[in-house]
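Worth knowing before you read on, the calculation uses all heavy atoms, side chains too, and leaves out hydrogens, waters and symmetry mates. We count ligands from 1, going down the list as the structure has it; atoms in each ligand are counted the same way.
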Amino acid sequence: MKQFTSVQDISDVAALVQEALEIKAQPLTFQDLGRNKTLGLVFMNPSLRTRLSTQIAAQNLGMQVLVVNADKDSWAMEFQDGAVMDGGTVEHIKDAAPVLGSYCDIIGVRCFPGLQSRDADYSEHIMQQFIRYTGKPYVSLESATLHPLQSLADCITIQEHRGARRPKVVLAWAPHIKPIPQPVANSFSEWMLRSDVDFVITHPEGYELDPKFTGNATIEYDRQKALQGADFVYVKNWSSYRDYGKVLCTDSNWMLTEQHLRDAPNARVMHCLPLRRNVELSDEILDGPRSLVQQQAANRVFAAQAVLRRMLS
Ligand code: CP
């Protein structure tokens with residue numbers, strides 16, 4: 001595998017999930033695979049889980065890891081072709097990326113969207129320039145539109161906690177105090193559409209995601225109806241794709257509580273973290289037996305390790 005930016009880079013989701021579960025059972029089996037190889041991680045935005053889990057995964061494979069916080073402990077980068085760089089940016093991606101490529105065997109980058117221009121964000125211009133100018137295998141640590149390592153960890157978690165029958169999985173919009181990008185919701189949708197689940201999305205009108213990622217998923221605006229009989233409820237905020245980057249709803253009733261799950265007695269609740277307690281999800285759910293959020297975070301290690309192992313192989 002040369003690139004991991006989306007579910008489109010995977011031919012068989014179930015097989016990759018199975019590989020990750022085998023790695024989880026014996027995480028140090030392939031400690032020689034990454035010997036004398038270096039993983040370079042570039043963060044243009046903050047991270048706790050992605051940063052640490054990817055480092056642990058690389059170390060479990062015997063790799064060395066370099067981490068750069070762009071704009072903080074490296075130079076502010078310019079991404080516009082032909083830019084006259086007489087402003088705040090100091091180094092062009094055309095100059096910086098080949099340097100990274102010469103130091104590292106695999107590159108991972110986190111680059112959030114600006115939420116100002118939908119066309120600019122959805123073109124994935126920043127990620128595409130890193131891929132082009134580093135010239136090395138590339139793993140997305142979350143891009144402007146997708147977060148595939150998170151989605152793989154989510155698939156692993158669902159596989160571990162599903163019963164014998166095909167589960168019903170509901171992606172449920174939740175409120176937030178500020179505009180949040182769409183990558184986790186986009187990505188979860190496209191991975192669920194490639195998984196053996198019944199998938200429903202529920203959100204207030206105006207929060208429809210890019211149909212490129214939601215395909216033929218069922219969209220149900222009545223959340224109570226959507227939640228009926230759910231086995232997994234994935235709670236997440238995102239800002240509007242239609243009215244790009246706008247917050248259209250602040251109704252606190254969209255925060256998921258135990259009461260909303262009265263018709264889904266066995267539902268397990270998921271969230272990628274970080275989250276705002278008692279805004280997106282209630283304490284009673286997060287601190288109770290339904291919550292899978294810590295299991296999801298733990299599985300980030302094995303998601304990253306499965307992907308890196310394929311790249312090293
Ligand atoms: N879920 C997730 O990507 O967490 P971080 O932003 O902390 O990496």
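Considering backbone and side-chain N/O of Leu273, one or more are found under 3.5 Å from N/O of ligand 1. Note: no N/O pair closer than 3.5 Å links Pro274 and ligand 1 by distance alone.
In this structure, the ring of Phe79 has its center no less than 6.0 angstrom from the ring center of His125.
Hydrophobic clustering (ILVMFWY, side-chain heavy atoms < 4.5 Å, transitive): Leu141 and Met77 are in distinct clusters.
Atom 4 (O) of ligand 1 has as its closest protein heavy atom Arg49 NE, 2.9 Å. Atom 6 (O) of ligand 1 has its closest protein heavy atom at Arg110 NH1, 2.8 Å. The closest protein non-hydrogen atom to atom 3 (O) of ligand 1 is His147 NE2, 2.8 Å. Of the protein's non-hydrogen atoms, the one nearest atom 7 (O) of ligand 1 is Leu48 N, 2.7 Å.
Of the options Arg300, Arg51, Glu142, the smallest heavy-atom separation from atom 2 (C) of ligand 1 is shown by Arg300.
The aromatic rings of Phe199 and Phe188 sit perpendicular, their planes meeting at an angle over 60°, well past the 30° parallel limit.
The structure places CG of Asp81 at 11.0 Å from CD1 of Ile93, a figure rounded to the nearest 0.5 Å.
Screening Trp254, Tyr221, Tyr241, Tyr234 for a ring pair (Phe, Tyr, Trp, His ring centres under 6.0 Å) with His203, the sole residue that qualifies is Tyr221.
Close contacts of ligand 1 with Cys272, meaning ligand atoms under 4.0 Å from a residue heavy atom, involve 1 (N).
With a 6.0 Å radius and a threshold of 12 heavy atoms from other residues, nucleotides or ligands, Lys24 has its NZ atom above the threshold.
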